[in-house]
There are 2 protein chains.
Amino acid sequence: MVLTEKHKELIERIGVFHEHKGMQPLVGRIIGLLLVHDEGEVSFDEIVEQLGVSKSAVSNALTFLQAKGRCVYSTRPGDRKRYFALKVSDWREDFEKELQNIAEIQKFIDEVLEVRTEKNPEFNCRMRDFSNFLCFFKQEIPALFERFKKQQA
Amino acid sequence: MVLTEKHKELIERIGVFHEHKGMQPLVGRIIGLLLVHDEGEVSFDEIVEQLGVSKSAVSNALTFLQAKGRCVYSTRPGDRKRYFALKVSDWREDFEKELQNIAEIQKFIDEVLEVRTEKNPEFNCRMRDFSNFLCFFKQEIPALFERFKKQQA
DNA sequence: TTTTTAGTTCTGTATTTGCAGAACTAACTG
DNA sequence: CAGTTAGTTCTGCAAATACAGAACTAAAAA
């Protein structure tokens, strides 16, 4: 597949978006490439060529993506190459994980509330509010997906 | 205020939690200190002493936190020191921003769908599903806060 | 068996990060 | 005014990051 300037520019922007989420630059750009690529499946070699980086860098980045469960490869009969693809099918689980992750802060809030004295009751009160909200939020997540399903039908 | 081992250990864990979110180490630990500190307000000097870091590092970290709107300082009559505190009052807005931020990926998904051909219809279909969900999700956020408010009353 | 292919692992390095320390600024104090 | 206080900005460096290139491995092909 030949990438246009528009493709390349979009890949770069998707790359920096993921960099801001803490991933290393190449990992983000590989996600971009796998998203934009027509076939959805891209060989190791093509990743190296399209992004103009070394094999070692691609190898490490793909190992990382597979470890994170964001990427898989398949093979084809009579072809030794690996074709890498994003696990787009898992977007529900992935998104749910992200939501659970931002709610992780609740654990810390609760620990903080345990060690705090009553010197600043207003502060403590707001923290308790926040903790209660996070608890409520976590409970609401499954219902959110349910409502989406209904709305789709 | 004297910090116990438990306080210090909690501050460190809150620190690494924020590091994983992309912040620099000291910024995370300052958030930890401001959370566990009894008064809620901590002077510049005390931050330097409690965390055992340089004034310059603290200055830069606090400038960052203030720019991000996560921290403010107040002053006291006849006292030139600045007392720094987290904006705990803003937790609703902050949390909403975080939710909007993870939904940001929708923009990219939509741009991706525009440049993709129909070579892999299943991939495109799943991406459209995800985009629709993200759209639905964004709409649901205000209602989420509303339901929490009602449930509280 | 030797050679090729496909990818991994190791080694080195340019760049970036995160902070320390010193110099500096601005405002207050004596 | 000179000296002190509170914090900022500048300079430099040690450590971590992100990658290139080369050496290596394992399996298939010739």
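Every chain is numbered from 1 and lettered A, B, ... according to where its sequence line falls, protein lines coming before strand lines.
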Cation-pi, B:Phe123 ring and B:Arg116 (6.0 angstrom, 45 degrees): yes
Cationic tip of A:Arg13 above B:Phe108 ring, under 6.0 Å, 45° of axis: no
From D:dA6, D:dC19, C:dG7, nucleotide with atom closest to A:Arg29 side chain: D:dC19
Value in whole Å for how far the P atom of D:dG7 lies from CD of B:Gln66: 11 Å
Parallel, tilted or perpendicular: rings of B:Phe148 and A:Phe133 (30°, 60°): perpendicular
Quiz item: B:Arg80 side-chain donor-acceptor pair to C:dA27 base, under 3.5 Å: yes
Interface with DNA chain D, restricted to residues 21-28 of chain A and to heavy atoms under 4.0 Å: A:Gln24, A:Pro25, A:Leu26
Closest listed nucleotide, where the reference is the side chain of B:Ser54 and the choices are C:dT8, D:dG7, C:dA20: C:dA20
A:Asn60 CG - C:dT8 C1' separation (whole Å): 8 Å
Neighbour count above 12 (heavy atom, 6.0 Å) for A:Lys107 NZ: no
For atom CD1 of B:Ile47 and atom P of D:dA6, their distance in whole Å: 14 Å
Distance, rounded to the nearest Å, where A:Glu46 contributes CD and C:dA6 contributes C1': 15 Å
Integer-rounded Å distance: D:dA6 P and B:Arg82 CZ: 11 Å
N/O donor-acceptor pair, side chain B:Ser59 with base D:dG7, under 3.5 angstrom: no
Nearest to side-chain heavy atoms of A:Asp45, which nucleotide of C:dA6, D:dG7, D:dA20: C:dA6
Sugar-phosphate, base or nothing in reach of B:Val53, heavy atoms under 4.0 Å: sugar-phosphate
Whole-Å distance separating the CD1 atom of A:Ile30 from the C1' atom of C:dG7: 13 Å
Residue B:Ser56, side-chain heavy atoms: nucleotide from D:dG21, C:dA22, C:dG7 that is nearest: C:dA22
A:Phe95 and A:Phe145 aromatic ring geometry - parallel, tilted or perpendicular at 30°/60° bounds: perpendicular
Nucleotide of C:dA20, C:dG7, D:dT8 approaching B:Ala57 most closely (side-chain heavy atoms): C:dA20
Atom-to-atom span, NZ of B:Lys55 to P of D:dC10 - whole angstrom: 16 Å
Any A:Glu104 side-chain heavy atom under 4.5 Å of A:Asn101 side chain: yes
Length of the CZ-C1' vector between A:Phe64 and D:dA18, whole Å: 13 Å
cation_pi(A:Arg82, A:Phe44) dist<6.0 Å, angle<=45: no
